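Below is one structure, written out as C-alpha coordinates, with a few remarks after it.
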Amino acid sequence: MLNQSRIDQVYLALGATDLRKSIDGLAVLVQESFKLNPFSRSLFVFCNRKKDKIKILEWDINGFWLYYKRLEKGTFKWPNDSNSKTILISDREFRWLLDGLSIEQKDVLKEVNERIII
(Lines give C-alpha, C1' and ligand atoms only; values in the text may rest on other atoms or scores of the structure.)
Protein backbone atom coordinates (compact mmCIF):
# COMPACT_ATOMS: atom_id res chain seq x y z
CA MET A 1 0.00 0.00 0.00
CA LEU A 2 1.21 3.46 -0.89
CA ASN A 3 2.59 5.16 2.23
CA GLN A 4 3.21 8.84 1.51
CA SER A 5 4.67 9.52 4.97
CA ARG A 6 8.08 8.20 3.88
CA ILE A 7 8.11 10.19 0.62
CA ASP A 8 10.04 13.44 0.20
CA GLN A 9 9.08 14.32 -3.38
CA VAL A 10 6.63 13.36 -6.12
CA TYR A 11 7.72 13.67 -9.76
CA LEU A 12 5.38 13.44 -12.73
CA ALA A 13 6.81 12.23 -16.03
CA LEU A 14 5.27 14.63 -18.51
CA GLY A 15 3.92 13.35 -21.78
CA ALA A 16 2.92 9.76 -22.44
CA THR A 17 4.96 6.81 -21.19
CA ASP A 18 4.83 3.31 -22.61
CA LEU A 19 3.35 1.50 -19.60
CA ARG A 20 4.51 -1.87 -20.91
CA LYS A 21 7.73 -0.89 -19.14
CA SER A 22 8.10 -2.54 -15.77
CA ILE A 23 10.31 -1.69 -12.80
CA ASP A 24 13.67 -1.90 -14.56
CA GLY A 25 12.54 0.07 -17.62
CA LEU A 26 10.97 2.83 -15.55
CA ALA A 27 14.00 3.04 -13.22
CA VAL A 28 16.30 3.43 -16.24
CA LEU A 29 13.99 6.15 -17.60
CA VAL A 30 14.16 8.01 -14.27
CA GLN A 31 17.94 7.77 -14.11
CA GLU A 32 18.99 8.32 -17.71
CA SER A 33 16.27 10.48 -19.24
CA PHE A 34 15.20 12.53 -16.22
CA LYS A 35 18.64 12.61 -14.52
CA LEU A 36 17.04 11.70 -11.18
CA ASN A 37 17.88 9.01 -8.63
CA PRO A 38 15.30 6.17 -8.69
CA PHE A 39 16.58 5.06 -5.24
CA SER A 40 15.64 8.37 -3.59
CA ARG A 41 12.69 8.84 -1.23
CA SER A 42 10.54 9.93 -4.16
CA LEU A 43 7.57 8.74 -6.14
CA PHE A 44 7.88 8.71 -9.92
CA VAL A 45 4.49 8.83 -11.62
CA PHE A 46 3.92 7.86 -15.27
CA CYS A 47 0.79 8.07 -17.43
CA ASN A 48 -0.20 6.42 -20.72
CA ARG A 49 -1.29 8.22 -23.89
CA LYS A 50 -5.03 7.80 -23.22
CA LYS A 51 -4.54 9.16 -19.66
CA ASP A 52 -6.57 6.36 -18.13
CA LYS A 53 -3.67 4.43 -16.56
CA ILE A 54 -0.80 5.38 -14.29
CA LYS A 55 2.18 3.60 -12.81
CA ILE A 56 4.04 4.79 -9.73
CA LEU A 57 7.61 3.70 -8.98
CA GLU A 58 8.89 3.83 -5.40
CA TRP A 59 12.10 2.59 -3.77
CA ASP A 60 11.53 1.03 -0.33
CA ILE A 61 14.68 0.12 1.66
CA ASN A 62 15.51 -3.10 -0.21
CA GLY A 63 13.39 -3.14 -3.34
CA PHE A 64 11.04 -1.31 -5.65
CA TRP A 65 7.28 -1.00 -5.40
CA LEU A 66 5.33 -0.61 -8.63
CA TYR A 67 1.77 0.66 -8.23
CA TYR A 68 -0.69 0.56 -11.11
CA LYS A 69 -4.08 2.20 -11.45
CA ARG A 70 -6.50 1.85 -14.34
CA LEU A 71 -9.61 4.01 -14.49
CA GLU A 72 -12.78 2.29 -15.63
CA LYS A 73 -14.29 5.63 -16.71
CA GLY A 74 -12.75 9.05 -17.24
CA THR A 75 -9.16 10.20 -17.46
CA PHE A 76 -6.49 11.66 -15.26
CA LYS A 77 -6.01 15.43 -15.59
CA TRP A 78 -2.39 15.02 -16.64
CA PRO A 79 -0.50 18.32 -16.96
CA ASN A 80 1.06 19.37 -20.26
CA ASP A 81 4.43 21.09 -20.30
CA SER A 82 6.58 20.84 -23.38
CA ASN A 83 9.53 22.59 -21.71
CA SER A 84 10.56 19.79 -19.36
CA LYS A 85 10.43 16.03 -18.94
CA THR A 86 9.28 16.05 -15.32
CA ILE A 87 7.64 18.33 -12.79
CA LEU A 88 7.79 18.23 -9.03
CA ILE A 89 4.38 18.34 -7.35
CA SER A 90 3.24 18.47 -3.72
CA ASP A 91 1.53 15.65 -1.82
CA ARG A 92 -1.66 17.67 -2.01
CA GLU A 93 -1.45 18.01 -5.79
CA PHE A 94 -0.69 14.28 -6.07
CA ARG A 95 -3.86 13.43 -4.12
CA TRP A 96 -5.86 15.75 -6.40
CA LEU A 97 -4.45 14.02 -9.46
CA LEU A 98 -5.36 10.57 -8.12
CA ASP A 99 -8.87 11.85 -7.36
CA GLY A 100 -9.34 12.99 -10.96
CA LEU A 101 -8.72 16.68 -10.36
CA SER A 102 -6.27 19.04 -12.00
CA ILE A 103 -3.13 19.86 -10.03
CA GLU A 104 -3.85 23.52 -10.77
CA GLN A 105 -6.76 24.28 -8.47
CA LYS A 106 -7.34 28.02 -8.82
CA ASP A 107 -9.56 28.57 -5.77
CA VAL A 108 -7.57 26.49 -3.29
CA LEU A 109 -6.23 28.09 -0.12
CA LYS A 110 -2.46 28.34 -0.25
CA GLU A 111 -0.27 26.55 2.28
CA VAL A 112 1.02 28.81 5.06
CA ASN A 113 4.72 28.28 5.73
CA GLU A 114 5.28 30.97 8.32
CA ARG A 115 3.24 31.51 11.42
CA ILE A 116 2.90 34.68 13.43
CA ILE A 117 1.71 34.54 17.02
CA ILE A 118 -0.25 37.57 18.09
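These numbers were taken from a predicted model, which means no experiment stands behind them.
- When the salt bridge (Lys or Arg N to Asp or Glu O under 4.0 Å) test is applied to D52, no partner is found at least two apart in sequence or on another chain.
- The ring-ring contact (aromatic ring centres under 6.0 Å, His included) search around F46 returns none, not counting sequence neighbours.
- Taking the side chain to side chain contact (heavy atoms under 4.5 Å, CB included) definition, one finds that L88 meets it with Q9, Y11, sequence neighbours left out.
- Here the side chain of D99 pairs no donor or acceptor atom with the backbone of L101 at under 3.5 angstrom.
- For S40, the side chain to side chain donor-acceptor pair (under 3.5 Å) partners are S42, not counting sequence neighbours.
- Residues L97 and W78 are in side-chain contact: their nearest non-hydrogen atoms beyond the backbone lie under 4.5 Å apart.
- Cluster membership for F44 and V28, using ILVMFWY side-chain heavy atoms within less than 4.5 angstrom, is not shared.
- In this structure, E32 has no salt bridge (Lys or Arg N to Asp or Glu O under 4.0 Å) partners at least two apart in sequence or on a different chain.
- Sorted by first and then second residue, the salt bridge (charged side-chain N to carboxylate O under 4.0 Å, His left out) pairs involving residues 69-80 (not counting sequence neighbours) are R70-E72.
- Here the CG atom belonging to L19 is positioned 9.0 Å from the CD1 atom belonging to I54, to the nearest 0.5 angstrom.
- L43 and L57 fall into different hydrophobic clusters, where Ile, Leu, Val, Met, Phe, Trp and Tyr residues are linked whenever their side-chain heavy atoms come under 4.5 Å apart, directly or through other members.
- By the ring-ring contact (aromatic ring centres under 6.0 Å, His included) test, F76 pairs with no residue at all, sequence neighbours left out.
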(request) Report the C-alpha distance between L66 and K55 in whole Å, list the side-chain angles of each, state the deciding distance to 0.1 Å, and finish with yes or no for side chain to side chain contact (heavy atoms under 4.5 Å, CB included). (result) CA-CA 7 Å; L66 184 61; K55 281 189 175 180; 4.2 Å; yes
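- Legend: residues meeting side chain to side chain donor-acceptor pair (under 3.5 Å) with S90, ordered by chain and number and at least two apart, are E93.
- The salt bridge (Lys or Arg N to Asp or Glu O under 4.0 Å) test applied to D24 returns no partner, not counting sequence neighbours.
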(message) Could you go through V10 and I56, starting from their C-alpha distance and side-chain angles, then the distance that decides it, and tell me whether this counts as side chain to side chain contact (heavy atoms under 4.5 Å, CB included)?
(response) CA-CA 10 Å; V10 179; I56 303 167; over 6 Å; no
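- Residue pairs meeting the ring-ring contact (aromatic ring centres under 6.0 Å, His included) criterion with at least one partner in residues 19-43, sequence neighbours excluded, are F39-W59, F39-F64.
- Remark: K85 engages S33 in a side chain to side chain donor-acceptor pair (under 3.5 Å) (not counting sequence neighbours).
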(message) Applying side chain to side chain contact (heavy atoms under 4.5 Å, CB included) to L14 and N80, what does each step give before you reach the verdict?
(response) CA-CA 7 Å; L14 298 178; N80 294 321; over 6 Å; no
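- The line from CG of L12 to CZ of F94 is 8.0 Å long, rounded to the nearest 0.5 Å.
- Listed by chain and number, the residues in a side chain to side chain donor-acceptor pair (under 3.5 Å) with Q31 amount to none (sequence neighbours excluded).
- Of all non-hydrogen atoms in A27 and P38, the two that sit nearest each other are O-CG, 3.8 Å.
- Between T17 and L26 the shortest side-chain heavy-atom distance falls below 4.5 Å.
- Summarising the geometry, atom CG belonging to L98 is positioned 11.5 Å from atom CD1 belonging to I103; distances are rounded to the nearest 0.5 Å.
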